[in-house]
Amino acid sequence: MNRPAYTLRELIIYFLKLGTIGFGGPVALVGYMHRDLVENRNWISEEDYKEGLALAQLAPGPLAAQLGIYLGFVHYRVLGATLCGLAFVIPSFIMVVLLGIVYKLFGGLPGMQAVFYGVGASVIGIIIMSSYKLTIKSVGKIKLPLLKQNWLLWIFYIAGAVVTVITQSENVLLFVAAGLIYMFVKAPPAWIKKPIGANSILLGITGFWQFEWNTLWKIGWFFTKAGAFVFGSGLAIVPFLHAGVVTENHWLTEQEFVDAVAVAMITPGPVVITVGFIGYLIAGFPGASVAALATFLPCYLFTVIPAPYFKKIAKNTSIKAFVDGITAAVVGALVGAVIVIATKSIIDIATAFIALTSLLALIYIKKIQEPYVIAVAALLGLLLKLL
């Protein structure tokens, strides 16, 4: 292996900076990494970057975080992957914990309620736009030739949406079944054709250290499952979180969950870091730590373990087909979750207007980023509620 043109310390500092000021969601973050590390600094080769991006898209895990872990692995192996992953995630984790403290401290005040009145509606528009982009990317455009070509993926997509709306719960078995069916139809693995062988006061007020051990275990198990089924974008975790956090375990109210998604939108770094905010509301700082660790550990393992062998794995058509099937169902579930959340978050003409305006802004103002949309929505919420 050639001697890298940078030190591990320099790469860690880069990911600390990206995790601190990197707004725009997963697509923007992976774009920043290419611009900074491949084009401008020549630290990472085009080939290594493309392999990392392919692995991040192929395996479960939030796209940007997984790519960052892989780029740390390229020259500095497991140590580089571990430290770069931590550097990327920790700044936004600290931010969401601080926001959790503020939220618990001031959540009952009219000003805070007014801000999230506008922000919650805006988030609906943002997720609609994101789910549309994910649909086009993962399932295909709505054109007759593509519909004929990807008809099975569209069935999985619609099934994911319908089942999520009806049951309002996570459907891991549906996703796995979609992946297996698509794999068997499109690229059955070779083994099928062979015989099967044997193979403080303030901290007290804000709930900083208020938790129960039983709740921590539940949080750890739930967020581990959620982290293992995030394909391509952090927003794909929304249906899992909504079903488990609101519907099944009743850890948060509907409004608190929408506010948690909003927090993910207004903070830099990976969108999935909203799990830290959710964990904090459930069980203070221990809950935030367990939720974040449980969510990102599968992402880390799914990157580091296959990384040395990925050149060979990436060519396996059966694995690609399995992931395609799962992704179609997961994106469909995201659309279903949007419908469920919207029916409970858009409560009047004002919130409908804010959601629609946010969506139109993202469609027609090409370079606008989500944090700016949310900031305007927060001001609108204040004006509508307080004036």
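Everything numeric here is computed off the predicted structure, so don't read it as measured data. Sequence positions, counted from 1, serve as the residue numbers for this chain.
Remark: the Tyr117 side chain and the Thr351 side chain contain no N/O donor-acceptor pair separated by less than 3.5 Å.
Distance OG1/Thr7 to NE2/His75: 12.5 Å, rounded to 0.5 Å. Atoms NZ and CG, from Lys148 and Asn150 in turn, are 13.0 Å apart once rounded to the nearest 0.5 Å. Rounded to the nearest 0.5 angstrom, Asp48 CG and Leu71 CG are separated by 8.5 Å. Expressed to the nearest 0.5 Å, how far CZ of Phe277 lies from CD1 of Ile101 amounts to 11.0 Å. With values rounded to the nearest 0.5 angstrom, His242 atom NE2 is found 11.0 Å from Glu248 atom CD. To the nearest 0.5 Å, atoms CG (Leu147) and NZ (Lys141) are separated by 12.5 Å.
The backbone N or O of Phe353 lies less than 3.5 Å from a partner atom in the side chain of Thr357, making a donor-acceptor pair. Asn249 contributes no side-chain N or O that, together with a main-chain N or O of Trp251, makes up a donor-acceptor pair within less than 3.5 Å. Of the possible donor and acceptor atoms, one in the side chain of Arg77 sits under 3.5 Å from a partner among the backbone N and O of Val74. No donor-acceptor pair closer than 3.5 Å links the side chain of Ser318 to the backbone N or O of Met183.
Considering only heavy atoms from C-beta on, Ile181 comes within 4.5 Å of Phe156 through its side chain. Residues Val245 and Phe222 meet the side-chain proximity criterion, which asks for heavy atoms closer than 4.5 Å. The shortest side-chain heavy-atom distance between Ile278 and Phe257 falls under the 4.5 Å cut-off. A 4.5 Å side-chain heavy-atom check between Thr135 and Tyr157 finds at least one atom pair inside the cut-off. Within the 4.5 Å cutoff, the side chain of Thr20 has heavy atoms near those of the Met95 side chain. The side-chain heavy atoms of Tyr76 and Thr82, taken from C-beta on, include no pair separated by under 4.5 Å. Leu281 places none of its side-chain heavy atoms less than 4.5 Å from the side chain of Asp259. The side-chain heavy atoms of Trp154 and Ile142, taken from C-beta on, include a pair separated by under 4.5 Å.
Residues Val335 and Ile166 fall within the same hydrophobic cluster, defined by Ile, Leu, Val, Met, Phe, Trp and Tyr side chains chained together at heavy-atom separations under 4.5 Å. One hydrophobic cluster, built from ILVMFWY side chains closer than 4.5 Å, cannot hold both Tyr132 and Val162; they sit in different ones. Put simply, Leu8 and Leu18 are part of the same group of oily side chains (I, L, V, M, F, W, Y) that touch within less than 4.5 Å, one to the next. Ile368 and Val376 sit in two unconnected hydrophobic clusters of ILVMFWY residues. Membership requires side-chain heavy atoms under 4.5 Å apart, directly or through other members. Hydrophobic clustering keeps Ile346 apart from Leu384 (ILVMFWY residues linked when any side-chain heavy atoms are closer than 4.5 Å, directly or through intermediates).
Relative ring orientation between Trp43 and Tyr6 is described as parallel, the plane-to-plane angle staying below 30° on a 0-90° scale split at 30° and 60°. Using cut-offs of 30° and 60° on the angle between ring planes, the pair Phe15 and Phe88 is perpendicular.
Screening Ile273, Thr224, Leu241, Val275 for a side chain to side chain contact (heavy atoms under 4.5 Å, CB included) involving Thr295 leaves a single residue, Val275.
Nearest heavy atom pair, residue Val246 against residue His250, reads O-ND1, 3.2 Å. Between Gln66 and Cys299, the shortest heavy-atom distance links the atoms NE2-O, 3.7 Å. Nearest approach of Tyr70 to Ala307, heavy atoms of both residues: CE1-CB, 4.0 Å. In terms of heavy atoms, Phe73 sits closest to Val304 at CE1-O, 4.3 Å. Annotation for Ala288 and Val97: closest pair CB-CG2, 4.0 Å, computed over non-hydrogen atoms. When all heavy atoms are compared, the tightest approach of Ala283 to Leu216 is CB-CD2, 4.3 Å.
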Q.
Working note: Lys218 + Asn214, criterion side-chain contact (heavy atoms from CB on, under 4.5 Å); need CA distance, chi angles, decisive distance, verdict.
A. CA-CA 6 Å; Lys218 288 182 179 178; Asn214 185 46; 3.7 Å; yes
Q: Output, in order, the C-alpha distance, side-chain angles, deciding distance and verdict of side-chain contact (heavy atoms from CB on, under 4.5 Å) for Ser289 and Phe93.
A: CA-CA 9 Å; Ser289 301; Phe93 175 75; 3.9 Å; yes
Q | Stepwise side-chain contact (heavy atoms from CB on, under 4.5 Å) check, Tyr182 with Leu153 | A | CA-CA 8 Å; Tyr182 199 67; Leu153 290 179; 3.7 Å; yes
Q: Walk me through it: do Val96 and Thr274 pass the test side-chain contact (heavy atoms from CB on, under 4.5 Å)?
A: CA-CA 7 Å; Val96 297; Thr274 187; over 6 Å; no
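Other residues, nucleotides and ligands place no more than 12 heavy atoms under 6.0 Å from the CD1 atom of Ile349.
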